[in-house]
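Before any comments, here is the structure.
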Amino acid sequence: MSIEYDARYFSPRDTLECGQIFRFTPYKEGYKVYSADRACYVYTRGDRTIVECNDVGYFYNFFDLGRDYAAINAQAKSYGVPLLTRGAERGAGLRLLNQNPEEMIYSFIISQNNNIPRIKGIIGRICEKLGEELSFCGEKYHAFPSSAALAQENAEFYKSLGAGYRDGYLVSTSKRIAAEGIEELYTLPTAELKKKLLTYIGIGPKVADCISLFGFARRECFPVDTWIEKLYHDDFGGTLKDRNKINAYFCGLFGENAGYMQQYLFYAKRENL
């Protein structure tokens with residue numbers, strides 16, 4: 001089964017390599033992408049981006065294909081911010097993914113003070129050790145493990161897989177989620193969701209915003225990292241030093257679509273546009 005979409009507003013490269021997802025690998029004309037226990041092959045051919053998968057409904061939602069990105073792109077350009085305009089123009093195919101919330105909690109705990117190749121390696125090893133073995137396109141892959149499976153391991157296990165000081169965070173948070181579940185998180189208003197996420201060991205403000213944005217589809221969230229802090233000073237003439245205040249500034253400026261603007265800005269700064 002497959003999905004086809006206008007490639008102008010769906011670039012696999014720009015969508016996958018912008019730091020919102022860590023479980024993907026180059027494959028043939030594009031990428032294999034893994035989410036929870038599912039997999040797909042996504043690539044662009046001519047003016048169409050094609051998703052080959054065994055669960056069309058899941059990946060239609062995963063790639064946010066029901067949303068009008070032309071309108072979001074036009075809104076980004078309407079602010080008159082040169083960096084944002086360049087990001088929207090060159091990164092028109094960048095989409096925000098709707099990812100599995102539990103996977104995002106652990107992935108972004110691992111991501112802090114880390115680089116993408118290392119993050120991908122740690123997550124990949126955890127999946128290989130604890131995730132169910134499945135197959136797609138004739139090749140084996142592993143599902144992201146359940147919180148119950150993660151909670152059975154100790155800090156030394158995670159340290160041996162390269163998690164470093166995050167080992168204790170993974171143990172503590174997986175045990176809590178295995179015991180409590182995360183159903184309550186879905187029901188909370190965004191401000192309360194962030195507040196609740198901050199009570200989990202290993203989750204700070206930036207990680208909480210990433211989990212909210214990429215895992216719970218709270219598009220009004222605006223994660224602030226080193227890149228965002230730099231462009232705030234370089235391109236917005238900002239004088240604030242506190243990242244929480246920088247976050248509040250951008251959320252106030254961009255409102256309900258702040259997360260999309262964050263991705264365009266991040267893309268433009270990282271690509272040196």
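Just so you know, these numbers come straight off a predicted model, no measurement behind them.
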Practice item. Compare all side-chain heavy atoms of Cys221 with those of Phe216 and state whether any distance is below 4.5 angstrom. Key: no
Practice item. Would you kindly check if the NZ (Lys) or CZ (Arg) of Arg38 is within the cone defined by 45 degrees around the ring axis of Phe59 and under 6.0 Å from the six-membered ring centre? Key: no
**Study point:** Side chain to side chain, Phe24 and Lys120, heavy atoms closer than 4.5 Å
**Key:** yes
Exercise for review: Please report the shortest heavy-atom distance between Thr15 and Gln20, naming the atom on each side.
Suggested key: O-NE2, 3.1 Å
Point to revise | Nearest-0.5 Å distance that lies between atom CZ in Arg67 and atom CG in Asn61 | key: 9.0 Å
Review point. Does CG in Leu134 sit with more than 12 non-hydrogen atoms of other residues, nucleotides or ligands closer than 6.0 Å?
Key: yes
Study note, to complete from the structure: Checking Ser174, Ser147, Ser111 against Tyr106 for side-chain hydrogen bond (donor to acceptor under 3.5 Å, both in side chains), the one that qualifies is Ser147
Check your understanding: Checking Lys206 side chain against Pro223 main chain: does a donor-acceptor pair fall under 3.5 Å?
Key -> no
Check your understanding: More than 12 foreign heavy atoms under 6.0 Å from NZ of Lys196: is that the case here?
Key -> no
Exercise for review: For the residue pair Asp37 and Phe144, establish whether any side-chain heavy-atom pair is separated by less than 4.5 Å.
Suggested key: no
Check your understanding: For Arg8 and Asp47, what are the C-alpha separation, side-chain angles and deciding distance, and is it a side chain to side chain contact (heavy atoms under 4.5 Å, CB included)?
Key -> CA-CA 7 Å; Arg8 172 168 170 73; Asp47 63 356; over 6 Å; no
Point to revise | Working for side chain to side chain contact (heavy atoms under 4.5 Å, CB included), residues Phe62 and Cys40 | key: CA-CA 11 Å; Phe62 179 82; Cys40 74; 5.8 Å; no
Would you mind writing out the side-chain donor-acceptor pairs for residues 185-192 within the sub-3.5 Å range, not counting sequence neighbours?
residue : atom : partner : partner atom : Å
Thr187  : OG1  : Glu184  : O            : 2.7
Thr190  : OG1  : Arg218  : NH1          : 3.2
Thr190  : OG1  : Glu220  : OE2          : 2.4

Check your understanding: Can you name the one residue among Arg13, Arg90, Arg86 that meets salt bridge (Lys or Arg N to Asp or Glu O under 4.0 Å) with Glu271?
Key -> Arg13
Review point. Are side-chain heavy atoms of Val171 and Phe157 found at a separation under 4.5 Å?
Key: no
Point to revise | Expected output: side-chain Ser11 to main-chain Gly91 donor-acceptor under 3.5 Å | key: no
Review point. With sequence neighbours left out, what residues match Glu4 under side chain to side chain donor-acceptor pair (under 3.5 Å)?
Key: none
Point to revise | Tyr79 side chain reached by Phe254 side chain, heavy atoms, under 4.5 Å | key: yes
Review point. If you round to the nearest 0.5 Å, how far is CD1 of Ile211 from CD1 of Ile109?
Key: 6.0 Å
Check your understanding: When clusters are formed by joining ILVMFWY residues with side-chain heavy atoms under 4.5 Å apart, either directly or through shared neighbours, do Tyr267 and Ile72 land in the same one?
Key -> no
Review point. Would Ile228 end up clustered with Tyr249 when hydrophobic side chains under 4.5 Å apart are linked, directly or stepwise?
Key: yes
**Study point:** Check: Arg243 side chain, Glu229 main-chain N or O, donor-acceptor pair, under 3.5 Å
**Key:** no
**Study point:** Glu29 atom CD, neighbour heavy-atom count above 12 within 6.0 Å
**Key:** yes
**Study point:** Residue pair Pro101 / Ile182: nearest heavy atoms and the distance that separates them
**Key:** CB-CD1, 3.9 Å
Check your understanding: So, the side chain of Arg270 versus the backbone of Trp227: is there a donor-acceptor pair under 3.5 Å, distance only?
Key -> no
Check your understanding: Under 4.5 Å between side-chain heavy atoms, hopping through other hydrophobics if needed: is there a path connecting Tyr43 to Val56?
Key -> no
Practice item. State whether the side chain of His233 and the backbone N or O of Gly238 hold a donor-acceptor pair below 3.5 Å, judged by distance alone. Key: yes
Exercise for review: May I ask you to decide whether Glu153 forms a salt bridge with Lys129, counting only side-chain N to carboxylate O separations under 4.0 Å?
Suggested key: no
Review point. Between Asn114 and Ile122, is any pair of side-chain heavy atoms under 4.5 Å apart?
Key: yes
Check your understanding: Of Phe222, Tyr260, Phe266, which is the lone residue that meets ring pair (Phe, Tyr, Trp, His ring centres under 6.0 Å) with Phe250?
Key -> Phe222
Exercise for review: In sequence, state the C-alpha distance, the side-chain angles, and the governing distance for Tyr60 and Asn98, and then conclude on side chain to side chain contact (heavy atoms under 4.5 Å, CB included).
Suggested key: CA-CA 10 Å; Tyr60 185 88; Asn98 293 310; over 6 Å; no
Point to revise | Phe63: which of Tyr31, Tyr5, Phe10 passes ring pair (Phe, Tyr, Trp, His ring centres under 6.0 Å) | key: Phe10
Point to revise | Residues Tyr264 and Asn73: side-chain donor-acceptor under 3.5 angstrom | key: yes
**Study point:** Pair Thr199-Arg176, side-chain donor/acceptor within less than 3.5 Å
**Key:** yes
Exercise for review: Could you check if a side-chain atom of Thr49 sits within less than 4.5 angstrom of a side-chain atom of Arg95, using non-hydrogen atoms only?
Suggested key: no
**Study point:** Other residues, nucleotides, ligands: >12 heavy atoms within 6.0 Å of Lys77 NZ
**Key:** yes
**Study point:** Polar side-chain atom of Arg118 near backbone of Gly162 as donor-acceptor pair, under 3.5 Å
**Key:** yes
Review point. Are the side chain of Ser172 and the backbone of Gly168 linked by a donor-acceptor contact shorter than 3.5 Å?
Key: no
Practice item. Indicate yes or no for a side-chain donor-acceptor contact from Glu52 to the backbone of Cys137 under 3.5 Å, with no hydrogens or angles considered. Key: no
**Study point:** Donor-acceptor contact below 3.5 Å, side chain Arg48 vs main chain Ala7
**Key:** no
Point to revise | Check: Tyr232 side chain, Thr239 main-chain N or O, donor-acceptor pair, under 3.5 Å | key: yes
Point to revise | Contact check, side chains of Cys127 and Arg23, non-hydrogen atoms, under 4.5 Å | key: yes
Practice item. Answer with yes or no whether the hydrophobic clustering places Phe136 together with Leu16; edges join I, L, V, M, F, W, Y residues whose side-chain heavy atoms lie under 4.5 Å apart. Key: no
Practice item. Please step through side chain to side chain contact (heavy atoms under 4.5 Å, CB included) for the pair Val51 and Val33, ending with a clear verdict. Key: CA-CA 10 Å; Val51 182; Val33 180; over 6 Å; no
Check your understanding: Gly19 and Phe108: which non-hydrogen atoms are nearest, and at how many Å?
Key -> O-CZ, 3.7 Å
